[in-house]
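For reference, the structure discussed in these notes is given below.
The first residue in the sequence is number 1, and the count goes up from there.
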Amino acid sequence: QVQLQESGPGLVKPSQTLSLTCTVSGGSITTNYYYWSWIRQPPGKGLEWMGAIAYSGSTYYSPSLKSRTSISRDTSKNQFTLQLSSVTPEDTAIYYCAAKYYQPSRDPGEYDYWGQGTQVTVSS
């Protein structure tokens, strides 16, 4: 059973870069046809897919966030990382890492495995 766990700072100042890591257990992030994503939920709003990194290392980003988002991986640690630059209070949200099989998707409802989520607040 694949398990995911987010980690990172809970408070980030405006204009700084938010950095979160997802540690995966029970499976390898290089396993064929798995896609590893970051998804967030601002307070009072729905889930928003931010981007993904594939088993191959290819990356996919939401058009609305592409200019500020970078997703990378460390295969030796079985981790993948989100960096979101130039954050504002509007980036305050619960951030989840998630995984699905076979095809990348922008629909959070299609993801099979989820971390518990981590609250990130952007405030000075």
Distance col, row Asp91:CG vs Thr121:OG1, nearest 0.5 angstrom, shows 11.5 Å
Check: Thr81 and Asp74 side chains under 4.5 Å, non-hydrogen atoms: no
Between Phe80 and Cys97, the two heavy atoms sitting closest are CZ-CB, 3.7 Å
In terms of heavy-atom contacts, Ser123 and Pro14 come closest through C-CD, 3.5 Å
Under 3.5 Å, which donor-acceptor pairs link side chains of residues 15-23 to any protein atom two or more places apart or in another chain?
residue, atom, partner, partner atom, Å
Gln16, OE1, Lys13, N, 3.4
Thr23, OG1, Gln79, NE2, 3.0

Margin query: Within the structure provided, determine whether Thr69 and Trp38 are in side-chain contact (heavy-atom separation under 4.5 Å).
Written below: no
To the nearest 0.5 Å, atom CD1 of Ile29 lies from atom NZ of Lys77 at 12.0 Å
* For Arg68 and Leu84, indicate whether the former's side chain and the latter's backbone hold a donor-acceptor pair under 3.5 Å. => no
When every non-hydrogen atom of Tyr96 is compared with those of Gly117, the smallest separation belongs to CD2-CA, 3.5 Å
Can you label the angle between the Tyr34 ring and the Tyr113 ring as parallel, tilted or perpendicular, going by 30° and 60°?
tilted
For residues Leu11 and Tyr95: do they belong to one hydrophobic cluster (side chain heavy atoms under 4.5 Å, members Ile, Leu, Val, Met, Phe, Trp, Tyr)?
no
Salt bridge (Lys or Arg N to Asp or Glu O under 4.0 Å) pairs touching residues 107-124, sequence neighbours excluded, are none
Expected list for residues 43-54: side-chain donor-acceptor pairs under 3.5 angstrom, two or more places apart:
residue, atom, partner, partner atom, Å
Glu48, OE1, Arg40, NE, 2.7
Glu48, OE1, Arg40, NH2, 3.2
Trp49, NE1, Ser37, OG, 3.0
Trp49, NE1, Ser105, O, 3.2
Trp49, NE1, Tyr111, OH, 3.2

In this structure, CD of Gln119 is separated from CD of Glu6 (nearest 0.5 Å) by 12.0 Å
Task: Side chain Asn78, main chain Gly27, donor-acceptor under 3.5 Å - done: yes
Taken to the nearest 0.5 Å, the spacing of Leu4 CG from Trp36 CH2 works out to 5.5 Å
Residues Val122 and Thr92: closest non-hydrogen pair is N-OG1, 2.9 Å
For Tyr33, the ring pair (Phe, Tyr, Trp, His ring centres under 6.0 Å) test, sequence neighbours excluded, returns Tyr55
Across all chains, not counting sequence neighbours, the ring pair (Phe, Tyr, Trp, His ring centres under 6.0 Å) partners of Tyr61 are none
In short, disulfide bond (SG atoms under 2.5 Å apart) pairs touching residues 56-90 with sequence neighbours left out are none
